[in-house]
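Note that this is a predicted model, so its numbers are computed, not measured.
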Amino acid sequence: MLSHADNQLLTQTDKGTPYGDLMRRYWIPALLSSEVPEKDGAPVRVRILGEELVAFRATDGRIGLIGEFCLHRSTSLFFGRNEDCGLRCVYHGWKYDLDGHVTDTPGEPPGSTFKDRLKHVAYPTIEAGGMVFAYLGPPDKKPEFPNYSWRNLPADQVYVTKCLLDCNFMQGVEGECDSAHLTQLHRFFKNDPTSPIKDPQSRLYLHDPAPVYDREETDFGMRLIATRNSPDGGKYVRISSFEMPMACWILAIRKEVHYYVPINDRQCWRFDFGFDPDQAVPADIRYGGRDKFILPDFRRTARMDNDYNIDRQKQKTVNFTGVDNFVNQDALAAESQGAIVDREREHLGQSDAGLVAVRRFILNAVKSFRDGAEPPHQVRDPASNVFDHLDTVDIVVPPGKTWREMLPHLARV
C-alpha cells in the first residue's frame, strides 16, 4: 500500500507537479504521424499533460506543436489556416511559426513591433516510428532523442496504434510491470488469432503461474526479469523493461513498446508501438486486431460504459475474461479500478514485485527531482546514445545456463 501523499506524487502530472515537471524533461509521444498526414493540412487538437495544444504539418513537412488558443483574443487555432510554414488564426489573422513566434498581425499599423514582443507556447517535435514525440520542458535542458534499436527500421517492420484510457496513466504502467497477470487475464482456452500469448508460451505460463522476479536499475530505467520453471527442468525467462518516464517494453504479437501518456490525471493515451528487428511484419497480423476496435476518435468500441462487450458464454469456453483482445482486457483491469485508484487499500503479494520495484524507482526519482536533482537516465552525450540493451525478450534457459549467458546484449545496465 502507499500513503495518500505518495499516491498523489505517482498520479499527478499537470505542470507544476513533481512528476509532471519530470515528464516534461523527456521526449514523449504526443500524437500519431497519421493524424497530420498532409503538408498544410488540417490542424489537430492534442491533449497531453494537462495542456491544450494543436499540431500541424507545415509546408516543409515539419510538425508544429503550439498552444491551442491565440494570444490575441483566445480563439482556438484548431480552426486556423495552415499555410506557408505557420498557423494563422481565423479571427484576426495572427500567424504563428513552428517555434511560437508571431510572424504577422494584420490588424496592427505598418511597422508595428508589437508582435516581436510576443511568444506563444511551442514545443519541439521529432517523428519516429509513426509517432510524433515532443519535448515540453525547458529548452536549455532538452536531452538527446534516444537512439532506439527500432529507430531506423523500414516502415513494414513497425506498426503503431493509439487508444484512449479512462483512468490515470499509472494504472496502465503498473499493468505492464506485472508478468503474473498473463496467466489469468490473457488466458485463452482455445486458439484465438487475437491472443498475444502463443504456444508454447501459454503452456509455460500455465505450468508455473507464479513467476519469481528479479529487477535491476539501468541507464534507461528498470529491467524486470520474470522467471518460471519450465516443464523440461529449465527456466522460462521473460524480460521486460520500464523506460523513463512512462514507457514499457513488453512481448506481445511482436516486440512492443507501450507508452501511457497522461491527458490529465483521469485519462491517458495508450500508444502501442510494435516492431520486428529482423523481418517485415505481415499486414494481416501486425496490429493484433487492435485496428478493428479503435474508433476514429481513438475510443475503443469495448469500454466501461458497455461492460467491454463481455460475453459470458465466451468466458466459459473461449477465454478467461469473455472480452476480446488483450488491449481491451488490459483496459478492463486498469479502468475498473477507478479513475485514480486509492493505493492505500491495496494488499500486494509476491507476484507484485515488479510493479513495486518500478513504483519505488519512480517515487525516488520524483522526490529527488522535486528536491533539486536532475532527472535520471537522460541522454546528454551523443556518443553514448546507444540503446541496444533496451529490449524485451523471452527465452527458455536450459539447466546449467543463465539468461545473461544466452542474452549478452543485455549485460549492460
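- Atom-to-atom distance recorded for E346:CD and E174:CD is 6.5 Å, nearest 0.5 angstrom.
- Side chains of I28 and Y259 form no contact here, defined as non-hydrogen atoms less than 4.5 Å apart.
- By the 4.5 Å heavy-atom criterion applied to side chains, K15 and L49 are not counted as neighbours.
- When each of D391, D394, D278, D276 is tested with K255 by the rule salt bridge (Lys or Arg N to Asp or Glu O under 4.0 Å), just one qualifies, namely D391.
- Counting heavy atoms from C-beta on, the side chains of C70 and Y91 never come closer than 4.5 Å.
- In this structure a side-chain-to-backbone donor-acceptor pair under 3.5 Å is missing from N364 to F361.
- Counting heavy-atom neighbours within 6.0 Å of K401 NZ, excluding the residue itself, gives a total of 12 or less.
- Within a 6.0 Å sphere centred on CD of E127, other residues, nucleotides and ligands contribute more than 12 heavy atoms.
- Separation of atoms CG (L22) and CG (L9) is listed at 11.0 Å; rounding is to 0.5 Å.
- Residues Y308 and R300 form a side-chain contact, since some pair of their non-hydrogen atoms from C-beta on lies under 4.5 Å apart.
- Remark: K367 engages D6 in a salt bridge, criterion side-chain N to carboxylate O under 4.0 Å.
- E256 and Y159 form a side-chain donor-acceptor contact under 3.5 Å, judged by distance and modelled atom types alone.
- Between the CG atom in L53 and the CG atom in L136 there is a gap of 6.5 Å [rounded to 0.5 Å].
- Taking the ring centroids of F275 and Y148, they lie at or beyond the 6.0 Å cut-off.
- Looking at N319 and Q329, their side chains come closer than 4.5 Å, going by heavy atoms from C-beta outward.
- Ring centroids of H389 and F220 are separated by less than 6.0 Å, placing the two rings close together.
- Under a 3.5 Å cut-off, the side chain of E68 and the backbone N or O of R47 do not form any donor-acceptor pair.
- Considering CG of L410 and OG1 of T218, their distance stands at 10.5 Å, rounded to 0.5 Å.
- Ion pair R303/D166 not flagged as a salt bridge, since none of the NZ, NE, NH1 or NH2 atoms sits closer than 4.0 Å to an Asp/Glu carboxylate oxygen.
- In this structure, F56 has its ring center at least 6.0 angstrom away from the ring center of Y96.
- The shortest distance between side-chain heavy atoms of Y213 and V356 does not fall below 4.5 Å.
- Here the closest heavy-atom approach between residue V102 and residue T105 is recorded as CG1-CG2, 3.7 Å.
- Ion pairing of E35 with R45 is absent here, as no side-chain N (NZ or NE/NH1/NH2) approaches a carboxylate O to less than 4.0 Å.
- Between the CG atom of L355 and the CE atom of M170 there is a distance of 10.0 Å, given to the nearest 0.5 Å.
- Checking side-chain atoms of R57 against main-chain N and O of V36 turns up a donor-acceptor pair under 3.5 Å.
- Annotation: R151, atom CZ; neighbour count of heavy atoms from other residues, nucleotides and ligands within 6.0 Å is above 12.
- Within the 4.5 Å cutoff, side-chain heavy atoms of L10 are placed close to those of L363.
- No more than 12 heavy-atom neighbours from other residues, nucleotides or ligands sit within 6.0 angstrom of CZ on R266.
- A donor-acceptor pair under 3.5 Å links the side-chain atoms of N82 to the main chain of G41, judged by distance alone.
- Using a 4.5 Å heavy-atom cutoff, the side chains of Q337 and C167 are not in contact.
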